[in-house]
Amino acid sequence: LVGSSPNPQTTNSYEISNLANQFQGLVMPSVPKGIEVKKTTTNLDDSCSIWYQLLRPELSSGLSVVYRFIRGDPMKRELGILRLPVKTSMCVQIKFVNKRSDGVVLRHVRILQRGWV
């Protein structure tokens with residue numbers, strides 16, 4: 001028919017099924033019912049050291065850098081993801097925060113290795 005619009009329900013269901021087919025390889029399937037998922041109750045803050053201040057914002061144009069050491073199960077999990085040996089490795093969490101009061105964006109943070117060379 002000339003001048004008739006397509007049925008919106010038919011078009012919408014076709015678009016949804018086409019969209020689902022595009023994401024088919026990207027979505028993980030749900031866990032089957034016979035397999036137990038291991039739940040860890042380890043809190044990251046309980047397994048870490050205190051935060052140490054590496055760079056104070058008043059001395060570095062507003063850049064604050066703090067770090068802490070990760071221990072225990074969270075460290076083993078992170079090293080397992082990176083496929084690093086647990087016995088000879090350590091994990092350090094580093095946090096960079098822009099604490100400038102004027103709202104200027106820090107575009108580049110250059111990390112240089114000094115000492116221990």
Side-chain angles (χ1 to χ4, degrees):
L1 297 168
V2 176
S4 65
S5 61
N7 186 357
Q9 290 180 339
T10 308
T11 305
N12 193 16
S13 64
Y14 172 74
E15 289 175 1
I16 291 172
S17 66
N18 190 18
L19 183 64
N21 289 337
Q22 291 176 358
F23 287 110
Q24 188 172 10
L26 300 174
V27 179
M28 291 179 54
S30 61
V31 178
K33 285 192 175 178
I35 299 173
E36 290 184 30
V37 177
K38 183 179 177 183
K39 294 183 179 179
T40 58
T41 57
T42 306
N43 188 1
L44 183 62
D45 290 330
D46 294 339
S47 300
C48 296
S49 68
I50 62 170
W51 286 101
Y52 296 100
Q53 191 166 25
L54 184 64
L55 197 58
R56 293 191 339 214
E58 58 270 9
L59 300 177
S60 59
S61 301
L63 179 64
S64 171
V65 179
V66 293
Y67 69 96
R68 68 180 176 178
F69 296 98
I70 300 175
R71 302 183 195 104
D73 290 335
M75 181 188 78
K76 291 176 185 174
R77 183 178 62 241
E78 294 298 325
L79 291 175
I81 291 170
L82 297 171
R83 295 187 178 134
L84 294 172
V86 177
K87 290 185 177 182
T88 59
S89 302
M90 69 176 190
C91 278
V92 179
Q93 182 179 13
I94 303 173
K95 183 172 25 173
F96 297 90
V97 180
N98 182 5
K99 292 194 174 184
R100 290 185 67 132
S101 59
D102 57 358
V104 175
V105 176
L106 299 171
R107 295 191 180 267
H108 301 283
V109 176
R110 183 176 295 174
I111 301 173
L112 300 174
Q113 180 177 352
R114 306 274 173 135
W116 301 317
V117 179

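In what follows, residues are counted from 1 in the order of the sequence shown.
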Smallest heavy-atom separation, Leu79 atom then Pro85 atom, equals CD1-O, 4.1 Å
Indicate if Ile50 and Val92 have the same hydrophobic cluster label, given that clusters are the connected sets of ILVMFWY residues with side-chain heavy-atom separations under 4.5 angstrom.
yes
Contacts of Tyr52 meeting ring-ring contact (aromatic ring centres under 6.0 Å, His included) (sequence neighbours excluded), chain-then-number -> Tyr67
When rounded to the nearest 0.5 Å, the distance separating OG of Ser47 from CG of Asp73 is 6.5 Å
Closest non-hydrogen atoms of Val86 and Met75, given as atom of the first, atom of the second and distance, are CG1-CE, 4.0 Å
Residue pairs meeting side chain to side chain donor-acceptor pair (under 3.5 Å), one or both in residues 54-65, sequence neighbours left out, come to Arg56-Glu58
So, the side chain of Ser49 versus the backbone of Phe69: is there a donor-acceptor pair under 3.5 Å, distance only? yes
From the list Arg68, Arg77, Glu78, Arg71, side chain to side chain contact (heavy atoms under 4.5 Å, CB included) partner of Cys91 resolves to Glu78
Note: Val104 and Asn98 closest approach over all heavy atoms is O-ND2, 3.1 Å
- Task: Could you state whether Val66 and Leu59 fall into the same hydrophobic cluster, counting links through intermediate Ile, Leu, Val, Met, Phe, Trp or Tyr residues with side-chain heavy atoms under 4.5 angstrom apart?
- Result: no
Between the CD atom in Gln93 and the CH2 atom in Trp51, the distance rounded to the nearest 0.5 Å is 4.0 Å
What I'd like to find out is whether the side chain of Leu55 reaches to under 4.5 Å of the side chain of Leu63, using heavy atoms alone. yes
For residues 87-101, the salt bridge (Lys or Arg N to Asp or Glu O under 4.0 Å) pairs (sequence neighbours left out) are Arg100-Asp102
So do Val65 and Ile94 actually touch side chain to side chain, heavy atoms under 4.5 Å? yes
